[in-house]
Each structure stands twice: as structure tokens, then as C-alpha cells.
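Proteins come first, then strands; the chains are lettered A, B, ... in the order of their sequence lines, and each starts at number 1.
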Number of protein chains: 2
Amino acid sequence: MARLDTRQQILDLAEELIRSKGYNSFSYHEISHTLGVKNAAVHYHFPTKEVLGLEVIRSAIQRFKDFKEETASLSLEEQLDAFIQTYSINSENDKVCLVGAISVEFYGLPENMTNVMKGLTRLIHDWVTNLLAMGKAEGMFAFDMKPETKATMIITNLAAGVQIARLMGNETFSDLIKGIKTDLGLNK
Amino acid sequence: MARLDTRQQILDLAEELIRSKGYNSFSYHEISHTLGVKNAAVHYHFPTKEVLGLEVIRSAIQRFKDFKEETASLSLEEQLDAFIQTYSINSENDKVCLVGAISVEFYGLPENMTNVMKGLTRLIHDWVTNLLAMGKAEGMFAFDMKPETKATMIITNLAAGVQIARLMGNETFSDLIKGIKTDLGLNK
DNA sequence: GTCTATACCTTGATAGAC
DNA sequence: GTCTATCAAGGTATAGAC
């Protein structure tokens, strides 16, 4: 049985590794060995590790754009739930988000990567800000500050929520989600 | 002029490096070169990198215990401010906190390190929980959930706040602090 | 598109002189 | 306590055959 798309497999595994150990903690050997190909095959698809890292971020940008389109017709509360869902963790999957992974290693990464990552972060923050602003206007979400600020609060809750879950357990994360909703005046 | 305490200098620099690039992004060579000593000198004080990482975390535990003692006589709001202050960033200092740094690289670190880190995280979380519980009882802080949950919310705001500031700018962080206080019913 | 083979550098770590 | 010297292992990356 032939490999369908080695390039895509490498890309998916690289993202998984970045989000579980960090960019500087995995090697081309780990990727090639896991996928059952050779080191050189990985270099064929992604000539340098920086290119691989960049493509991981670019594909995440595309994925977020798809997410926006796919959820655009949902209610605002459903959109918020769908967004929270993208962070969700269970015992087999406790990857942190890219924003957290890249920002923690920030000064150990190629500048190209951090620059592209800034774009993704803005994209996410703008979308959440807009969602909250609309929700507040509709009387769906309640909060007493700029929607930009509330967006930062929710994004940081989620980003560090998946991180701290590794140190304190997954219940801490599910508990946190309830707190976010309570502070938005949901959970009534 | 003799070096006063090489061991302490190594320890401080190692923490700085972990919090700016991550544990797997710095080397013994970077430490020795920066401090103007040789590789072997670093190994004399910290025989393995794992021991060095462990000592960084242990010294952070001691520092937090000192912080508790030093702030114990302050008002609850002053204690909260002092805690927030430990995360504070400016243009020369935008190190992330140890909780974030260690949790992001979690699966790329020696288990010994992550285990000791769990202790520090509990220590911090318990202290914040207690602070919030007392503050609520006193009518100083207002929130509609378990103090444990609110503690997780504030800690994740701060931990990811310093991270996201690297991608969005420091104003995002100062704005976030205002949001935290607003949600606690302060900032009136 | 994947392989073998290899080059070259950096890494963490050790032995032994001073 | 710091040095010189050195090591084995692992890292990214490339050349060229299939």
C-alpha cells in the first residue's frame, strides 16, 4: 500500500511535535523514523527545518480561515463553542496551541517564523474581538470592557489553559471553560 | 576582580534562557560563552543539563515561598498587585513565566523536571485561590464562581498574557491587567 | 519521490593538568 | 574552581544513484 501523501503526513506530524514538545525539541530523524521514510525524504519535501516550521504555521492560517467560513452561519454562541472546541483536550490529545508553542520559544526561532505567526495571532484575535462585539450588541454576551480586551482575556485563558492542564490535570481545563462562560453571563 | 559566585550566575542565566527561548533551545556553550568561562566550568557546578533545569525550578520554588512571606502583611489588593507585578514586562524584559515555558516543552523534558514543576504550579495556584477566597469573603474581590476556578482564570491570563505580548505587543499585556481587575470588581 | 552515503557542526559530557 | 583537550552522539543538510 503506497503512501498517499508523504508531504502532508510530514506536515501534520511536525505540527503535532511542535505542539507537544516545541520546535527545537524534535528532529528530522524523529519525523522520518516515525513515518517509516528516510531523513533525505523529509528534506526533499521541506529543504530546511525553517521551511517546515513556516509551512506548519501557514497551514494553520489556512485552517483558521476555513474555520471562519464553516462557522459563519452558526449562532454567535455556537461560534464561541466551536472556537473553544478547537482547544479541547483529552487524555490522548493535550497539544498546546500554536500561539503558545511559538511564543514560548520566540527568541530561539527563525524570525521568519515568528513574523508569520504574528499574522495568525492577529487573525484569531480580530475574529474573537468581532464575535464578542456582535454578541454584546445582541445582548448575548455580557462584559464591561472593550471587546479587544475581553478577546485577549479569553484567548489567554484558552492558550495557557491547555498548558497548565499538563501540570494540573484536564479537570482544570474543563473547569476553566465554565468560568469563561460564567464571566460572559452564559451558564444561567 | 574575581567572579563572586559563578554557580549563581549560571543559575540566573539558565533561568533567563529557559524563559526566553525554552530549555531545549540553549546550550552549555551559550552559558559558558556569555559568562566568560569554559564549558567544563559549567559542568563542574551542574554536572548534567537536567540537574541545571531542576535547580532552576527549585530556586523558583524558593523564590515564591519568599514572596509569600514578604507580602503576607500587605492588604489583599496589594498582594494581588505584587503577584501581577512578578509577570510584568517591558521592552527589555519579556520573559515568559516558568509555568508556560515548562508546560509548552512538557513532552520534550526530563520527567524529573516536569514533576518538580507540578509542585510549583500547585503552590502558586493554592496561594492565588486562597487570596481570592479571602478577598471575596471580605467583599474586596467580586466573582461568581469557585475561587479555584477564578485562580485558574487569572493565572492563565497572566501566563499567556506575557506570551501573546511577544506576538501582539506589550500594550496587549497592560490592557489585559486592566481587564482582570475589572472582572474582579476593582477599577471602580 | 525515495534511497544510501556522507559531510559538517553542535551538543552534552568527561579526564586530567593546574 | 577553572582550564585544555577530547569524545561520542545527534543535529541539519547535501550529492547522487535508483
- Message: Does D:dG1 have its OP1 or OP2 closer than 4.0 Å to a side-chain nitrogen or oxygen of B:Thr6?
- Response: no

- Note on the structure: Sequence neighbours excluded, the answer for salt bridge (Lys or Arg N to Asp or Glu O under 4.0 Å) partners of A:Lys146 is B:Asp175

- Tell me: OH of B:Tyr23 to C1' of C:dT11, nearest whole Å? 12 Å

- Which part of the nucleic acid, if any, lies within contact of B:Phe46, taking any heavy atom under 4.0 Å across all strands shown: a base, the sugar-phosphate backbone alone, or nothing? nothing

- Note on the structure: In whole angstroms, the gap separating P of C:dT2 from CD1 of A:Ile31 amounts to 14 Å

- Item | Separation of atom CG in A:Leu35 from atom C1' in C:dG1, rounded to whole Å | 14 Å

- Item | Protein-nucleotide distance (A:Tyr44, atom OH; D:dA13, atom P), rounded to Å | 18 Å

- Task: Keeping to residues at least two apart or across chains, list the ring-ring contact (aromatic ring centres under 6.0 Å, His included) pairs with something in residues 71-100 of chain A.
- Result: A:Phe83-A:Tyr87, A:Phe83-A:Trp127

- Using a 4.0 Å heavy-atom cut-off, write out nucleotides 4-10 of chain D from 5' to 3' as B (base contacted by protein), S (sugar-phosphate only) or - (no contact). B------

- Message: Tell me whether the side-chain N/O atoms of A:His43 come closer than 4.0 Å to OP1 or OP2 in D:dA15.
- Response: no

- Nearest-neighbour nucleotide for the B:His45 side chain, D:dT2, C:dT2, D:dT12 considered: D:dT2

- Query: Can you list the residues that meet the side-chain hydrogen bond (donor to acceptor under 3.5 Å, both in side chains) rule with A:Asp12, with sequence neighbours excluded?
  - Reply: A:Gln8

- What is the distance from CG of B:Leu52 to C1' of C:dA13, rounded to the nearest Å? 14 Å

- Query: Got a sec, which residues hit side-chain hydrogen bond (donor to acceptor under 3.5 Å, both in side chains) with A:Ser103, two or more places apart in sequence or on another chain?
  - Reply: none

- Item | side-chain hydrogen bond (donor to acceptor under 3.5 Å, both in side chains) against A:Arg166, all qualifying residues, sequence neighbours excluded | none

- Protein-nucleotide distance (B:His29, atom NE2; D:dG11, atom C1'), rounded to Å: 16 Å

- Message: Using whole Å, what does the distance between atom C1' of nucleotide C:dT10 and atom NE2 of B:His33 come to?
- Response: 14 Å

- Please work out which of the three classes, parallel, tilted or perpendicular, describes the rings of A:Tyr23 and A:Phe26, given edges at 30° and 60°. perpendicular

- From B:Asp81 CG over to B:Lys181 NZ, what is the distance, rounded to the nearest 0.5 angstrom? 3.5 Å

- Item | Atom pair distance, as rounded to whole Å: CG in A:Asn24 and P in C:dT11 | 11 Å

